[in-house]
Amino acid sequence: MPAPTPEELGPLAALVGTWEGNGGLDIAFHNATGRVIETPFRERTSFSSFGPVDNGAQSLFGLDYRTAAWKDDDDDPFHTEVGYWLWDALDNQVMRCFMVPRGSTLLAGGPAHVDSRTFTMEATLGSPVYGILSNPYLDKVAQTTHFEVTVTVGDDGSFSYDETTTVTLAKYGGPFRHTDRNTLHRID
């Protein structure tokens with residue numbers, strides 16, 4: 001099967017390839033210290049195109065992706081995720097579904113146009129369409145209630161994201177806005 005065309009991938013077409021960025025910043029509550037810490041990180045993400053995936057009248061094109069983030073010069077990543085970014089041209093929706101090895105999975109989405117260079121995807125706990133699931137332990141001690149990410153594709157061979165994951169932390173005493181942002185540049 002031939003690779004999808006840029007038109008078929010819509011706003012995701014510019015993301016195909018491998019990307020790296022070393023200017024990331026993670027702001028999160030750390031259980032070990034009992035406080036909020038800012039952690040600079042480097043990241044590598046790869047996107048491979050696929051499609052179509054047909055669901056009746058719906059035809060999706062997308063990107064299979066893997067990402068990993070490392071602190072400083074650590075050999076082992078402190079964060080990894082695998083999943084898909086999807087484009088639904090019929091409904092003008094862009095989606096990201098992924099799983100992290102802590103036992104959480106998420107399907108976020110939002111409106112976009114075929115030529116959008118900036119788009120936002122959201123997910124909310126309990127939503128039947130763009131939602132969040134966690135294992136029983138995380139649901140009890142670190143329940144993710146909302147996720148939002150804005151992606152901007154630059155004209156200079158870069159893309160940036162700014163994401164906020166709202167988590168109700170038992171140790172923190174309520175909701176906390178865990179944020180991550182980075183700018184990545186295509187290396188392949």
Side-chain angles (χ1 to χ4, degrees), residues 1-6 8-28 39-53 55 59-88 93-110 112 116-123 130-135 138 142 144 146-154 156-165 167 178-188:
M1 176 178 295
T5 66
E8 291 170 323
L9 289 169
L12 303 179
L15 297 176
V16 175
T18 302
W19 303 77
E20 289 185 352
N22 60 7
L25 183 63
D26 172 73
I27 301 173
T39 305
F41 65 90
R42 60 189 167 88
E43 180 174 11
R44 182 181 180 103
T45 301
S46 61
F47 296 101
S48 300
S49 63
F50 67 87
V53 175
N55 297 316
S59 187
L60 302 175
F61 286 86
L63 306 173
D64 180 330
Y65 88 102
R66 301 184 76 78
T67 193
W70 297 264
K71 295 183 244 183
D72 302 316
D73 291 326
D74 287 356
D75 291 330
D76 295 324
F78 76 96
H79 177 82
T80 61
E81 57 187 60
V82 296
Y84 303 101
W85 292 42
L86 304 168
W87 170 238
D88 178 353
Q93 292 285 302
V94 65
M95 296 168 264
R96 176 176 163 195
C97 51
F98 64 93
M99 181 171 203
V100 294
R102 296 176 190 266
S104 294
T105 188
L106 188 141
L107 173 59
S116 292
R117 303 292 282 179
T118 298
F119 49 87
T120 299
M121 297 173 281
E122 293 185 69
Y130 292 136
I132 301 163
L133 292 172
S134 297
N135 71 52
L138 288 178
T144 300
H146 190 78
F147 173 86
E148 181 176 329
V149 62
T150 298
V151 176
T152 302
V153 178
D156 62 349
S158 71
F159 87 90
S160 300
Y161 68 88
D162 190 346
E163 71 183 35
T164 300
T165 306
V167 183
H178 175 153
T179 62
D180 290 289
R181 63 181 162 273
N182 203 355
T183 297
L184 293 91
H185 299 274
R186 184 189 315 275
I187 62 165
D188 179 27

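Values below: all heavy atoms of this structure, side chains included; hydrogens, waters and symmetry mates excluded. Counting begins at 1 with the first residue of the sequence.
Considering only residues two or more places apart in sequence or on other chains, Arg44 meets the salt bridge (Lys or Arg N to Asp or Glu O under 4.0 Å) condition with Glu20. Remark: Glu122 engages no residue in a salt bridge (Lys or Arg N to Asp or Glu O under 4.0 Å) (not counting sequence neighbours).
No side-chain heavy atom of Thr67 sits under 4.5 Å from any side-chain heavy atom of Trp19. For the pair Phe61 and Leu9, the minimum side-chain heavy-atom distance is below 4.5 Å.
Around the CZ atom of Arg117, the shell of radius 6.0 Å holds more than 12 heavy atoms that belong to other residues, nucleotides or ligands. Summarising the local packing, CZ of Phe50 is surrounded by more than 12 heavy atoms from other residues, nucleotides or ligands at distances under 6.0 Å. Counting heavy-atom neighbours within 6.0 Å of Arg186 CZ, excluding the residue itself, gives a total above 12.
The line from OH of Tyr84 to CG of Leu63 is 11.5 Å long, rounded to the nearest 0.5 Å. Here the CG atom belonging to Leu15 is positioned 6.0 Å from the CH2 atom belonging to Trp85, to the nearest 0.5 angstrom. With rounding to the nearest 0.5 Å, the separation of CG in Asp156 from OG1 in Thr183 is 8.5 Å. For the atom pair CG (Asn182) and CG (Asn22), the distance works out to 7.5 Å, reported to the nearest 0.5 Å. The CE atom of Met121 sits 11.0 Å away from the CD atom of Gln93 when rounded to the nearest 0.5 Å. Once rounded to the nearest 0.5 Å, the distance linking CG of Asp64 with OG of Ser49 reads 10.0 Å.
Between Ala108 and Phe147 the shortest heavy-atom distance is CB-CD2, 3.9 Å. Smallest separation of non-hydrogen atoms from Tyr130 and Met95: OH-CG, 3.5 Å.
The backbone N or O of Arg102 sits less than 3.5 Å from a side-chain atom of Asn135, completing a donor-acceptor pair. One N or O on the side chain of His146 and one on the backbone of Ala123 form a donor-acceptor pair closer than 3.5 Å.
A donor and an acceptor atom, one from each side chain of Thr120 and Thr150, are located under 3.5 Å apart.
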Run the side-chain contact (heavy atoms from CB on, under 4.5 Å) test on Thr144 and Leu138 for me, step by step, so that the C-alpha distance in whole Å, both residues' side-chain angles and the decisive distance to 0.1 Å come before the verdict. CA-CA 8 Å; Thr144 300; Leu138 288 178; over 6 Å; no
Intermediate values then yes/no, side-chain contact (heavy atoms from CB on, under 4.5 Å), Leu12 and Phe47: CA-CA 10 Å; Leu12 303 179; Phe47 296 101; over 6 Å; no
Evaluate the criterion side-chain contact (heavy atoms from CB on, under 4.5 Å) for residue pair Phe41 and Asp180; output intermediate values, then yes/no. CA-CA 10 Å; Phe41 65 90; Asp180 290 289; 4.0 Å; yes
